[in-house]
Amino acid sequence: MDLVLLCVFLPLVTVAWGQYGDYNYDYGGNDGWVNVYRQGFNFQCPHGQVIVAIRSTFSKKEGSDRLWNYACMATPQSLGEPTECWWEEINRAGMQWYQTCSNNGLVAGFQSQYFPSVLDREWQFYCCRYSRRCQYSCRFPSDWVGEPFI
């Protein structure tokens, strides 16, 4: 019976590990956070890198706010170098929003400010455009680990 269970569950574990594998993202060389509760912050990846992972923890006690941390990774050489970077428009606190980078830009940073009156944050995306880019529906090559926000 144990052998049968092993034969059934081993392939499932292998598939799950492959889908959600341990990428070991580098969150800036430490396990700290980029902000403290109820404070603003600004985070930008180093030149030529984009956001590939986001980590946060929520605290209702701390004004229904979150601590944030981000992992960056170099873009594939096939994209070339960043040609321009800019801050997108601010998404106001307390409002529903959906954000992407304009002009097929890739997210390379964030800045945020907390507003206690609405227990929410406003956000602004830092986007970069690359010299060789796709025209629409951008996706990274399958051999590139992680997928940035686009």
Side-chain angles (χ1 to χ4, degrees), residues 9-115 118-150:
F9 288 110
L10 187 58
L12 294 175
V13 169
T14 304
V15 168
W17 187 266
Q19 283 182 324
Y20 306 104
D22 184 10
Y23 291 119
N24 293 321
Y25 291 118
D26 178 12
Y27 288 94
N30 63 40
D31 288 329
W33 303 100
V34 299
N35 67 308
V36 295
Y37 289 114
R38 297 183 252 183
Q39 298 294 315
F41 69 89
N42 179 313
F43 177 86
Q44 291 179 27
C45 293
H47 178 79
Q49 296 187 14
V50 294
I51 302 285
V52 292
I54 298 174
R55 191 171 58 145
S56 76
T57 185
F58 176 80
S59 173
K60 186 169 181 110
K61 185 175 108 179
E62 292 290 345
S64 293
D65 196 16
R66 291 183 170 274
L67 297 176
W68 295 92
N69 204 346
Y70 306 98
C72 300
M73 187 178 287
T75 56
Q77 289 183 349
S78 61
L79 283 180
E81 289 293 315
T83 55
E84 64 176 315
C85 295
W86 66 93
W87 288 102
E88 286 286 339
E89 297 207 12
I90 295 173
N91 293 287
R92 299 291 173 201
M95 306 295 288
Q96 183 177 353
W97 60 275
Y98 173 81
Q99 178 74 47
T100 58
C101 287
S102 59
N103 298 319
N104 282 327
L106 302 176
V107 178
F110 299 98
Q111 64 182 14
S112 180
Q113 187 65 39
Y114 180 79
F115 290 88
V118 289
L119 301 176
D120 198 8
R121 291 183 163 276
E122 70 178 19
W123 290 89
Q124 194 171 19
F125 283 26
Y126 184 67
C127 303
C128 292
R129 198 163 133 185
Y130 283 75
S131 57
R132 290 180 294 231
R133 61 186 172 84
C134 58
Q135 298 301 315
Y136 57 90
S137 299
C138 299
R139 292 287 178 248
F140 278 87
S142 60
D143 62 340
W144 193 69
V145 178
E147 186 168 334
F149 295 95
I150 42 183

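Predicted model, so just to flag it, every value in this text is computed and none were measured. Numbers for residues simply follow the sequence, beginning at 1.
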Give the table of side-chain donor-acceptor pairs shorter than 3.5 Å for residues 37-44, with sequence neighbours excluded, one pair per line with atom names and distance.
from: R38; atom 1: NE; to: E62; atom 2: O; distance (Å): 3.4
from: R38; atom 1: NH2; to: E62; atom 2: OE1; distance (Å): 2.8
from: N42; atom 1: ND2; to: Q111; atom 2: OE1; distance (Å): 3.0

To the nearest 0.5 Å, how far apart are CD in Q99 and CD in E89? 8.5 Å
Any sub-3.5 Å donor-acceptor pair from S131's side-chain atoms to E81's backbone N or O? yes
Heavy-atom closest pair (S102 atom, W86 atom, distance to 0.1 Å) is O-CZ2, 3.1 Å
Please report the shortest heavy-atom distance between V118 and A93, naming the atom on each side. CG2-CB, 3.8 Å
Taking all non-hydrogen atoms of both residues into account, name the closest pair between D65 and V36 and its distance. OD2-O, 4.5 Å
Answer yes or no: is there a side-chain heavy-atom contact under 4.5 Å between L119 and Y114? yes
So Y126 and W87, would you call those rings parallel, tilted or perpendicular, with 30° and 60° as cut-offs? tilted
Roughly how far apart are Y70 OH and W33 CH2, rounded to 0.5 Å? 10.5 Å
Heavy-atom distance under 4.5 Å between the side chains of F110 and R121, does that happen here? no
Report the distance from atom CZ of R66 to atom OG of S59, rounding to the nearest 0.5 Å. 10.5 Å
Nearest 0.5 Å please: distance from the CG atom of N35 over to the CD atom of Q113. 10.5 Å
Kindly determine whether C72 and C45 satisfy disulfide bond (SG atoms under 2.5 Å apart), including the steps that lead there. CA-CA 6 Å; C72 300; C45 293; 2.1 Å; yes
Give me the atom names and distance for the closest heavy-atom approach of V34 to N69. CG1-OD1, 3.7 Å
Drop me the distance from N91's CG to Q96's CD, to the nearest 0.5 angstrom. 11.0 Å
If I take atom CD1 from residue I90 and atom OG from residue S112, how far apart are they, to the nearest 0.5 angstrom? 10.0 Å
Looking only at the SG atoms, are C101 and C127 under 2.5 Å from each other? yes
T57 side chain to L67 main-chain N or O, any donor-acceptor pair under 3.5 Å? no
Heavy-atom nearest pair, G109 first then I51, reads N-CG1, 4.0 Å
Shortest non-hydrogen separation from P82 to H47 and the atoms involved: CG-CE1, 3.6 Å
Given side chains that start at C-beta, do those of Y130 and R132 come closer than 4.5 Å, heavy atoms only? no
